[in-house]
Amino acid sequence: MNKLELKRREKLQQIQQLGIDPYGGRFPDTEPAQAVKNRYQDQQEGQRARCAGRIVLLRDIGKLIFITLRDSSGTIQLGLSNKLLADQWELVKRLELGDLVGAEGMLGKTKTGEITIWVERLTLLGKALLPPPEKFHGLADVDLRYRRRYVDLWANPEVMQRFLTRSAMLSSIRSFLEERGFIEVETPMMQTTVGGAAARPFITHHNTLDIDLYLRIAPELFLKRLLVGGMEKIFEINRSFRNEGLSTRHNPEFTMMELYQAYADYHDMMDLTESLVDFLIQKHCSSRQLPFGQMEIDWSRPWQRRRYADLLKEYAGCDIEDPNAIRAKARQLGIDETQMDDAVVINEVFEATVESHLVNPTFVLDYPAALCPLTRPSKADPRYAERFELYVGTMELANAYTELNDPDIQEANFRRQLKGQNAEESMARMDEDFIMALKYGMPPAGGLGIGIDRLIMLLTNAVSIRDVILFPLLKPAPAGRPAEETENEESASS
RNA sequence: GGAGGCGUAGCUCAGCAGGUAGAGCAACGGCCUUUUAAGCCGUAGGUCCUGGGUUCGAGUCCCAGCGCCUUCACCA
């Protein structure tokens, strides 16, 4: 336990000796700090206020103490004078940065015009035993910010703001979809077979049944079963899990919004995606021109719709129907294409040459059918699948299909493995029950998945996915670093 | 896994021509009833990530390891 904590524990004891519970209790009828400031009007008598929050600044002038109190809405100044609080002065003098307090009193302004609650009654609601980070710079150590997000959130208001925006956007997504007749459903996160995406799953074990289960990599195959069941417009805001590397754009658990609409196709999904995102921008962003790291993204509608083959031609310089040219390009890019199917090579070349150019929102459409085992092939040219991916800021943001509803083709696709993709990397994994569901008849449908974390990144200018996930996955804290936590664990278990 | 950067007080950061460690905030003692990152006087605080090496002497140079960030690989 460090020295600063010991000092604070001394104060804790002193406060307890005054007969005060340092951890407070119910403190009803408070008002957000920001609301108090907004409603305050000069020259009106008798205005009172009651707030609760954390002490983030404290200026002790002797018989007068000014406190900046922060709650989730903002900050407000408390004025504590030893005249008004004579009977509580022993407590007041022991307040320190980080403590949680409730306060009630008359509203007024100081000489300098700061709206201030002149406190008549102060309640300690939670003693802070650990010192807060530096008051001006906040918490800057990236590792500590993620590990102790609970500190990051109140020490760095812009962090709080970003997560509030995330919540507001999630809420807007729901209302947008519900207004259009979509209903929200929940499907299993623990699955006996995985499917719907190409990724390695996490494996866990159910003791009573004595079977291994997989954490879902996508909800797709269950949501389509609901189409068979007669639900026509559904969505799931889902946490999915992929046992892959971590990066600024990948967290092993991430949030996706998947939706399905019966009797629609991927063109409907494009329109829906564009409307939904534009709705969010109008509601939550200042402009349709938004910075993202070094980039400037123009979200103005309509968004570009480009064929996969055309982009490949433009940026890789080769014709999608000329396998030799594409293989030559692949070799030039340093890709070992000898053991790969044509479609896999095409995909490798596309990713290496095209993606980094897609800054403004761009629908990439009509993927090689071989890459899309869950997608309906185009009627006009079955070599291509009715699929699009939406790229923004060089990231894949959304993925959508006209869903394949022919059980025989689906079964054949599940059995076909492409060379150059091992079973783990493939979307084609047999799911007998899903085939059975299709045999009962699934309506033609459009399906869409949007990476919510990445969407929030783009709309709040966060270049790392860890900045939009409250508790991103981290290695366990190295032993010895947070000494106080090790001790807490010991005392908690005893 | 490869490459680059970083690791110094509770926090934010200085320190490099190699000579045994500094500031601000926080803390502690004092003064102060209108402060705004309050101010003033004073005090205390360090395994300079860890382990080796070079050197009379290492926070500083070298090697190895650990952790974090970025990037590449991987990953729709």
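A note on names: the letters A, B, ... follow the listed sequences, proteins ahead of strands, and every chain is numbered from 1.
Remark: the A:R162 side chain and the A:T460 side chain contain an N/O donor-acceptor pair separated by less than 3.5 Å. If you check the side chains of A:Q41 and A:Q44, you find a donor sitting under 3.5 Å from an acceptor.
For A:R121, the side chain to side chain donor-acceptor pair (under 3.5 Å) test picks out no residue, with sequence neighbours left out. With sequence neighbours left out, A:E220 forms a side chain to side chain donor-acceptor pair (under 3.5 Å) with A:K224. Partners of A:P368 by side chain to side chain contact (heavy atoms under 4.5 Å, CB included), not counting sequence neighbours, listed by chain and number: A:Y308, A:I320, A:I346, A:L371. Remark: A:T110 engages A:F66, A:Q77, A:T112, A:E114, A:T116, A:W118 in a side chain to side chain contact (heavy atoms under 4.5 Å, CB included) (not counting sequence neighbours).
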Scan nucleotides 68-71 of chain B against the protein and return all N/O pairs shorter than 3.5 Å with their distances rounded to 0.1 Å.
| residue | atom | partner | partner atom | Å |
| --- | --- | --- | --- | --- |
| B:U70 | OP2 | A:R466 | NH1 | 3.2 |

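Pair assignment for B:G46 gives none, since no Watson-Crick or G-U wobble pairing has each distance under 3.5 Å. Pairing partner, B:C31: B:G39, with both Watson-Crick or wobble hydrogen-bond distances short of 3.5 Å. The partner of B:U54 is absent, by the rule that a Watson-Crick or G-U pair needs both atom distances under 3.5 Å. When both distances must be under 3.5 Å, the Watson-Crick or G-U wobble mate of B:A3 is B:U70.
A:F254 CZ to A:R242 CZ: the interatomic distance, rounded to the nearest 0.5 Å, is 3.5 Å.
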For nucleotides 22-27 of chain B, give me one character per nucleotide, 5' to 3': B if any protein heavy atom sits under 4.0 Å from the base, S if the only such contacts are to the sugar-phosphate, - if neither.
--BBSS
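Closest non-hydrogen pair, A:R8 versus A:L130, comes out as NH1-O, 3.8 Å.
Proximity of A:R59 to the phosphate of B:U35: no side-chain N or O atom is located under 4.0 Å from OP1 or OP2.
Salt-bridge annotation for A:R327 and A:D342: present, with a side-chain N of the basic residue lying under 4.0 Å from a carboxylate O of the acidic one.
Across B:C49 and B:C11, the matching P atoms stand 13 Å from one another, rounded to whole Å. Of the P atoms belonging to B:A9 and B:U71, the separation is 27 Å, rounded to the nearest Å. Annotation: B:G15 and B:G7 have their C1' atoms spaced 15 Å apart (nearest Å). Rounded to the nearest Å, the gap between the P atom of B:A73 and that of B:U60 is 35 Å. B:U12 and B:G51 have their P atoms separated by 23 Å, with the value rounded to a whole Å. With P as the reference atom, B:C41 and B:C25 are 11 Å apart, rounded to whole Å. When the P atom is compared between B:G29 and B:G65, the two are found 48 Å apart, to the nearest whole Å. Going from the C1' atom of B:C66 to that of B:C40 covers 45 Å, rounded to whole Å.
Computed from coordinates, the A:E389 CD to B:C75 P distance equals 14 Å when rounded to whole Å. Taking atom CD of residue A:E244 and atom C1' of nucleotide B:A73, one finds them 13 Å apart after rounding to whole Å. Protein atom CG of A:L246 is 14 Å distant from nucleotide atom P of B:G67, rounded to whole Å. Regarding A:L6, its CG atom lies at a distance of 14 Å from the C1' atom of B:A44, rounded to whole Å. Rounded to whole Å, atom C1' of B:A9 lies 17 Å from atom CD of A:E5. A:I335 has its CD1 atom 12 Å from the C1' atom of B:A73, to the nearest Å. In this structure, A:H250 atom NE2 and B:C74 atom C1' are separated by 9 Å, rounded to whole Å. Atom CG in A:L80 sits roughly 18 Å away from atom P in B:C32 (whole-Å rounding).
Residue order along RNA chain B, read from the 5' end via each residue's closest nucleotide, puts A:W118 first among A:W118 and A:E348. Mapping A:G62 and A:N399 onto RNA chain B by nearest heavy atom places A:G62 closer to the 5' end of the strand.
Within 3.5 Å, a donor on the side chain of A:Q77 pairs with an acceptor on the base of B:U35, or the reverse. Scanning atom types as modelled, no donor and acceptor separated by under 3.5 angstrom connect the side chain of A:S81 and the base of B:U33.
Figure legend: cation-pi geometry between A:R307 and A:Y384, with NZ or CZ positioned under 6.0 Å from the six-membered ring centre and within 45° of its axis.
A:G138 comes within contact range of the sugar-phosphate backbone alone, with a heavy-atom separation under 4.0 Å but no base atom that close.
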Could you give me the CA-CA distance, side-chain angles and deciding distance for A:E348 and A:M340, then say whether side chain to side chain contact (heavy atoms under 4.5 Å, CB included) is met?
CA-CA 10 Å; A:E348 295 281 330; A:M340 293 177 180; 4.1 Å; yes
